[in-house]
Amino acid sequence: MALHPSVRMPTAHTIESLAYRSRFVDALPADPREDNQTRQVRGALYSRVTPTPVSGPKLLALVPEVCALLDLSPDPTPELVEALAGNRVISGMKPFSACYGGHQFGNWANQLGDGRAITLAEVENSRGERWEVQLKGAGRTPYSRGADGRAVLRSSLRELVCSEAMHHLGVPTTRALSLVLTGDKVERDMFYDGNPEREPGAITARVAPSFVRFGNFELPAYRGEHGDGGTLDKLLRYTTECFYPEFAKCTDDDLAGLFRVISDRTTDMVVHWLRVGFVHGVMNTDNMSILGLTIDYGPYGWLDVFDPGWTPNTTDAQGRRYRFGNQPRIAHWNLAQLGNAFAQRMRDFSGLQATIDQWPERFGAKHRAMMLAKLGLTEQHTDEDSALIEALLSTITSVEVDPTLFYRALATLDSDPSTLWPAHRAKIEHALYEPAALDNERIAQPFRGWIERYLARARDEGLSDTARAERMNAHNPVYIPRNYLVQQTVEKVAAGDTAALDELLSVIRDPYNAQPGREAYAAKRPEWARTKAGCSMLSCSS
Ligand code: AMP
Ligand code: MG
C-alpha cells in the first residue's frame, strides 16, 4: 500500500543531526565550576560536567522503539557508539548532572545529586516532543562523593531490561535506549563483605521527558533557598512551564493543584507495581520522579512468591521499609516530604494538606479498581469487593504461590456452577510451588472457598467466561522479567552471548500474549534460584 503523499515518515537522524535542546541548563542556575571534584553545590540546580572517556566501548543493545521516539536511526554507527559511551560530546549537547537531595530510608540525607548520571541533552523529535537522554555510569561528577561514577554490566543490563519491560507492561517508567560495555573493569563489593571483585563496566543511556525527582525540590527547601527568584522558585517555574503548564503561575492554588496531580501519578504508578508484582527496592525520595515514572532501577525485584513482606534489597533486609506491601505507605510518606518542600513557597497550604489527608482513601479506590480489573470484574460493590480482595490476598499468602501464574490461571476457570473443585484445582495448582499441598484440606479449603465465591460473583455480573478472561488477560501479564531470567541473561552476556539479551528483550515486548515456544520465560522460579545472589538478593552498591 502506498502512503498518502501527505503522510511523511519521520526522518531518521544520525546522532549528529538530531535537534538538541537544553531547557534545564538554559533556564536554571548553574554551579559556576565545571570540574568533577566532589563538593557542596549551593544556589544552583546542576553542574556542567563532561563524561569521562572509556577504553573500549562495545554496543550490546540499541532499543529500536526508543530510537524511534528520538527520530534516531537504529544504525549503530561508530559516532553513535562513541556518544553512548561518553567518549564524544556531540555539538549542540550541554551535558550536566543535577543537584538534588533526598530522604534515604526515612532520614534526611542532604545533598546527593547525580553521582553517576550525566544528561547529554534533550532531543526534540518531529512530533515536537522532547526527550532527555542521560548516561548512567559515565564517570565522576561533583555529586559522586566517595564513589567512582561507574556502573557494572549486571546493574546496567538489569536497568535496560526492566525499564523496557515496565513500558510494555503499561507501567509509567523511564525508557532505555542502549547498553554499552566500556572495556574497563569496575571494582564492586556486591555484599559489602570485604570481598570486592573487578567486574565489567557498562553504561546505559536512559530516556525520559525529565529525570527531576522529589529530592530536587527538597534540597533547596532544606537549604533555605526558597525566596522569590531563588532556586526552589525557579525549579517550580521550570517544572510547571515544561510539564504542568496549567499550574505555571505557581500561585498557592497552582502548587496545590500541581501537588494533587503528582500525588495521583505517583499513586497510579505504585498501583501498577502492585498489579504486576514489582518491588522497587529503594523508594528514597531522590528516586521518586516528579512525573510519576518508575526511575532508578537498582536492587528491584519481582515477586516469585506472593509475599507482601518481601524485599529484594539486602541493604533493606533489617527494617524491610521498601517491602512489596509497604510501597503504598512509602509513596504517601514521600509525597508528604515533597509537600513540605512545596509548602515553603506557599502561604495557604490547606489544599496540599487535603491531598495528603485524602490519600489513603484515594489509594484504596485505585487499588480496588485495579484488583477488580485483575479479576475481570466490572461492577463496583465497594465493601464486598474489599472483602473479596482481602480474602484472595490472604489465601495466596498462606502457601508459596507464583502470583503471575496464578492470575492467568484464574482466567481459565469455568464458572459453570456444576464445575467441581477437582477441575478448578487442576487449573491453578501449577501456580503453587508445592501443588501437593492442596491435598491437605486445611490448605485447600480457603482456595476452594474463595474460588466458589469469586465465580458466583462473576455469574452475578452476567460475565461470560470469555469476556472475563479477555479482561483479565489484559491486566495480568504472562511474561515479566523474572529475577532469575535476568540473572541468567547477565551471566550469558558476560560470557559473550549477546543473543540471550536480544531474546529477552523480544519476549518482554509482548507481555500479555502467550508466545508459542517461549514457555520457559513464563516458568516459575526454579529451586536453584531461591537463594542465589542476583536472583533473590541484591544490594544498593551495584
Ligand atoms: P541510588 O539510591 O542508588 O539511586 O543512589 C543514591 C546516591 O548515590 C545518588 O546520589 C547516586 O548518584 C549515588 N551513587 C550511586 N552509585 C554511585 C557510583 N557508582 N558513583 C557515584 N555515585 C553513585
Ligand atoms: Mg538514585
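Counting starts at 1 for both ligands and their atoms, in listed order.
- Looking at N284, V186, N287 and measuring to atom 2 (O) of ligand 1, the nearest heavy atom belongs to N287.
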Check step by step if side chain to side chain donor-acceptor pair (under 3.5 Å) holds for T141 and N36.
-> CA-CA 4 Å; T141 79; N36 64 6; over 6 Å; no
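- Set against the non-hydrogen atoms of R188, the atoms of ligand 1 under 4.0 Å away are 19 (N).
- Taking the six-membered ring for Trp and thresholds of 30 and 60 degrees, W528 and Y484 have ring planes more than 60 degrees apart, a perpendicular arrangement.
- Aromatic ring centroids of H280 and F324 lie 6.0 Å or more apart.
- Among R116, Q104, M283, R150, the residue whose heavy atom lies nearest to atom 16 (N) of ligand 1 is R116.
- Remark: ligand 1 atoms within the under-4.0 Å shell around heavy atoms of G149 are 18 (C), 19 (N), 20 (N), 21 (C).
- Checking each of Q337, M269, R213 against M288 for a side chain to side chain contact (heavy atoms under 4.5 Å, CB included) leaves exactly one that passes, namely M269.
- Taking distance alone, with nitrogen or oxygen atoms compared against 3.5 Å, A147 stays at or beyond that limit from ligand 1.
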Listing, residues 77-87 side-chain donor-acceptor contacts under 3.5 Å, not counting sequence neighbours, or none:
from	atom 1	to	atom 2	distance (Å)
T77	OG1	L80	N	3.1
N87	OD1	V54	N	2.7
N87	ND2	V54	O	3.1

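- Ligand 1 has a nitrogen or oxygen under 3.5 angstrom from a nitrogen or oxygen of G115.
- Just one of R150, R188, R154 meets the side-chain hydrogen bond (donor to acceptor under 3.5 Å, both in side chains) condition when paired with E199; it is R154.
- Using the six-membered ring where Trp is involved, Y297 and F278 have ring planes that are perpendicular, over 60° apart on the 30 and 60° scheme.
- When the heavy atoms of R145, R140, Q111 are ranked by distance to atom 7 (C) of ligand 1, first place goes to R145.
- Separation of the Y322 and F105 ring centroids falls under the 6.0 Å cut-off.
- Considering every non-hydrogen atom in both F306 and P403, the closest pair reads N-CD, 3.7 Å.
- Closest non-hydrogen pair, P172 versus H272, comes out as CD-CD2, 3.7 Å.
- Panel detail: the Mg ion (ligand 2) has protein N, O or S atoms under 2.8 Å away, 2 in number.
- Using a 4.0 Å cut-off between heavy atoms, D296 contacts ligand 1 through its side chain alone, with no backbone atom that close.
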